[in-house]
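Per chain, numbering begins at 1; letters A, B, ... match sequence-line order.
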Amino acid sequence: MIDKQVDSIAAALAGIRDGATILSAGFGAVGAPDELMDGLLEMGVGDLVVVSNNAGSGKRGLAALIDAGRVRKVICSFPRTDDPRAFDAAYKAGRIELELVPQGIISERMRCAAAGLGGFYSPVGVGTKLAHGKEVREIDGKSYVFEKPLRGDVALLRAHRADRWGNLAYRKSARNFNPVMAMAAELTVVQAKELVALGDIDPECVHTPGIFVDRVVVV
Amino acid sequence: MIDKQVDSIAAALAGIRDGATILSAGFGAVGAPDELMDGLLEMGVGDLVVVSNNAGSGKRGLAALIDAGRVRKVICSFPRTDDPRAFDAAYKAGRIELELVPQGIISERMRCAAAGLGGFYSPVGVGTKLAHGKEVREIDGKSYVFEKPLRGDVALLRAHRADRWGNLAYRKSARNFNPVMAMAAELTVVQAKELVALGDIDPECVHTPGIFVDRVVVV
Amino acid sequence: MTPLSRSQMAWRAAQDIDNGWYVNLGIGLPTLVSDHIPPGREIVFHSENGLLGMGPKPQPHEVDTDLINAGKGLTTLITGGSFFHHADAFLMIRGGHLDLSIMGAFEVSEAGDLANWTTEDPSFPPGVGGAMDLAVGARRVRVLLEHTTKDGKPRIKVKCDYPLTAAHCVSRIYTNLAVIDVTPEGLIVREIVEGLSFDELQQKTGARLTLANDWAPLVPKLASTATH
Amino acid sequence: MTPLSRSQMAWRAAQDIDNGWYVNLGIGLPTLVSDHIPPGREIVFHSENGLLGMGPKPQPHEVDTDLINAGKGLTTLITGGSFFHHADAFLMIRGGHLDLSIMGAFEVSEAGDLANWTTEDPSFPPGVGGAMDLAVGARRVRVLLEHTTKDGKPRIKVKCDYPLTAAHCVSRIYTNLAVIDVTPEGLIVREIVEGLSFDELQQKTGARLTLANDWAPLVPKLASTATH
């Protein structure tokens with residue numbers, strides 16, 4: 001029998017190590033795995049690379065990890081969201097590295113990794129500062145920059161409903177980065193609001209099939 | 001008001017021209033737009049390039065177009081499905097060109113076009129006959145072949161339910177190539193079993209958002 | 001001469017959106033555009049965080065904290081709308097599936113180059129969000145901006161001084177003074193606010209303008225006191 | 001010496017599938033594997049036309065013509081299964097998300113090269129389907145094949161003569177005579193059918209074999225008359 005449910009945040013995060021690349025879902029606070037991120041702080045791992053659309057807000061989650069000096073680098077499209085004091089302070093102090101990536105390229109680079117591809121040519125950023133140092137290639141008369149896959153050691157997600165196979169359904173705009181990050185990491189961990197019986201999520205409406213999910217914890 | 005419904009197959013296909021590249025959905029007979037393909041035969045267009053997983057079965061749809069000499073080239077992964085006599089005869093007689101593409105690469109090349117990308121590096125086919133003539137590149141110690149986007153002038157789809165915005169829902173394995181082809185053509189035409197009221201397809205379960213769809217005809 | 005208010009600028013941009021278009025509105029001023037769609041036109045608003053069919057701000061009883069827009073404000077979904085994930089949202093943007101993206105701008109060049117993501121202010125870290133994706137990917141990119149900076153310097157220039165978001169992407173510029181098209185023949189003025197001469201407009205602009213033969217006065221049908 | 005029947009070969013391959021694995025079974029002989037999963041193991045079968053949780057053939061009252069497998073035969077979905085589109089189905093394949101792909105083969109080389117898509121028979125056009133994607137993408141690729149051709153020629157060779165599907169992809173070979181691992185040290189024989197000596201097996205094989213120290217007799221627990 002397959003049962004991906006674990007009974008604690010600690011069990012959900014077990015095995016994550018210093019230096020790990022963490023894909024942290026959510027767009028601002030919506031769809032963000034707050035309790036799992038808090039759990040990372042508690043378990044004490046550091047030297048993390050965090051991929052997330054924003055670089056933390058207020059004093060919890062990613063912001064708390066940054067405040068505690070646990071994050072070496074953030075890969076994001078827009079670091080400053082509501083109340084970005086933790087990132088701002090670390091950035092000004094030179095305590096954190098920032099890789100700024102256009103929002104659609106972050107998600108596409110993760111999908112590229114998920115799909116087993118070696119990279120792709122993107123029209124986004126051509127001729128701008130964000131393409132500095134990147135290979136540029138003309139294809140059928142148009143210029144593109146080469147983008148490489150972005151893979152995580154761990155993806156931390158927040159879902160609305162989950163079953164014991166790890167099938168997931170999200171709610172409204174809380175879906176955002178969750179399905180893409182689910183596919184792009186070695187270990188995919190989900191905090192779900194509700195664990196439902198196998199089959200309760202309509203097979204036509206499974207947003208993330210369980211094949212991408214390793215652990216589910218109900219929060 | 002937006003209303004993508006048209007009242008006949010002829011109206012659904014209006015404007016398709018000789019030489020067009022047609023993305024024809026379906027996996028074998030399931031999810032295939034039979035009535036739209038029959039309509040193409042009736043409207044008389046020729047010199048077509050057809051992208052489809054298989055190259056026609058029996059005496060209707062793509063097979064009938066091939067029998068009538070309307071298809072210049074087929075791009076597919078597996079030409080011979082149940083009763084492939086039309087394609088076999090045309091192929092033996094040298095009347096049709098075949099571009100054989102691995103099944104996952106056909107769908108990925110169409111998604112690449114849909115996503116506005118210039119191409120991608122794929123591990124599939126490296127060192128095989130199907131990679132002949134293709135650029136090979138080593139990325140992080142692994143070899144990949146360069147694959148280019150595959151775009152259609154027209155996509156012909158079959159859906160289960162559609163609304164006036166062109167939102168679509170498919171049934172079971174009839175989904176197959178439909179959502180990818182929907183995104184990859186200039187003109188996307190759908191034959192739907194049923195037209196439902198706007199809002200009847202759950203916003204969480206729209207398989208193809210209407211943004212990709214131009215015309216819907218109920219068949 | 002009375003420059004257009006922000007609402008009037010949004011109103012003017014809204015007039016050019018056709019029935020049935022799929023439209024992304026940038027954060028800030030462009031979001032006001034959705035309040036001014038002429039009656040009878042059905043427009044589908046896209047949000048890069050995974051919505052098509054975005055509606056107005058929620059009434060108090062409609063508030064759902066899982067339903068936000070790209071600016072992270074609460075929003076609604078209208079009937080016919082749908083939810084999808086970020087990679088699909090940006091496939092729509094980058095793949096030319098949006099009819100129109102309306103964005104704010106710091107500067108626009110006469111070639112349609114857009115600068116709207118960073119002023120290189122060293123006091124805080126830069127952010128790009130989805131601006132580059134939208135500028136490159138939408139079928140049409142139109143911008144809304146004040147014609148000049150607060151100290152009267154032009155924002156429409158031969159060449160942008162701020163770092164580019166994308167080159168050659170903007171096709172129409174709405175300012176508080178004029179409506180200007182970016183064409184292969186250069187910047188063509190379509191409309192000017194009443195009481196401002198073409199020469200005066202040219203003086204406030206950092207690139208050469210040409211007045212269209214069929215130019216018209218820019219007359220907002222919306223009271224300038226309308227605010228949002 | 002009695003070679004294994006097709007069902008027995010499928011039975012043998014099924015014994016090596018762990019609880020919880022995501023598995024794609026190729027068209028033909030490999031599809032029989034799902035009938036022989038040991039009790040107590042829950043396996044999720046993937047089909048490249050967009051299914052996870054594929055079940056057995058439908059009973060007459062379960063037939064749904066919209067529900068087929070990769071071989072285009074009617075199938076079912078078990079509780080917990082899901083549907084998705086082709087690009088996602090092959091993302092799963094190519095991206096290393098499947099624990100196992102079991103395929104048929106014309107030939108396998110000692111380096112694990114696989115030839116299973118074309119014999120270059122000029123009498124009909126070639127087809128590749130999803131074979132190359134599966135061979136390259138699944139975490140493990142195992143093949144099921146008759147040890148020799150009908151006229152007794154080896155199918156396991158130093159180098160494949162038929163065009164390759166993918167190089168260096170096969171890790172385990174199940175034949176009607178033996179179970180063989182492809183390792184950096186070459187082909188290691190794990191099991192041989194009773195009554196066949198290692199030397200006799202080597203004679204039927206086109207590449208050098210090494211007998212594992214802990215080799216075992218290959219004893220099918222399934223009657224050889226079992227057919228499907």
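Separating the CG atom in B:D3 from the CD atom in C:E42 is a distance of 9.5 Å, to the nearest 0.5 Å. Remark: C:N19 CG to B:M1 CE distance equals 9.5 Å, nearest 0.5 Å. We find the CH2-CD1 distance between C:W21 and B:I211 to be 13.0 Å, quoted to the nearest 0.5 Å. Note: B:F212 CZ to C:Y22 OH = 10.0 Å, rounded to the nearest 0.5 Å. Here the CZ atom belonging to B:R111 is positioned 7.0 Å from the CG atom belonging to C:D88, to the nearest 0.5 angstrom.
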Verify side-chain contact (heavy atoms from CB on, under 4.5 Å) between C:F84 and B:T208, making sure each step is shown before the conclusion. CA-CA 10 Å; C:F84 36 87; B:T208 292; over 6 Å; no
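Surrounding CZ of C:R139 are more than 12 heavy atoms belonging to other residues, nucleotides or ligands, all under 6.0 Å away. For B:E99, the CD atom counts as densely surrounded, since its 6.0 Å shell holds more than 12 non-hydrogen atoms of other residues, nucleotides or ligands.
If you measure heavy-atom distances from B:I201 to chain C, you find no contacts under 4.5 Å at all. Of the two parts of C:I78, only the side chain, counted from C-beta on, holds a non-hydrogen atom closer than 4.5 Å to a non-hydrogen atom of chain B.
A side-chain donor-acceptor contact under 3.5 Å links C:R94 to the backbone of B:A115. Between the side chain of B:N167 and the main chain of C:S82, no donor-acceptor pair closer than 3.5 Å is present.
Between B:D202 and C:F83, every side-chain heavy-atom pair lies at or beyond the 4.5 Å cut-off.
Residues of residues 165-173 of chain C never come within less than 4.5 angstrom of chain B, heavy atom to heavy atom. Interface residues of residues 96-108 of chain C toward chain B, defined by a heavy-atom distance below 4.5 Å and sorted by number: C:H97, C:L98.
The two atoms that bring C:L52 and B:P209 nearest to each other are CD1-CB, 3.6 Å, heavy atoms only.
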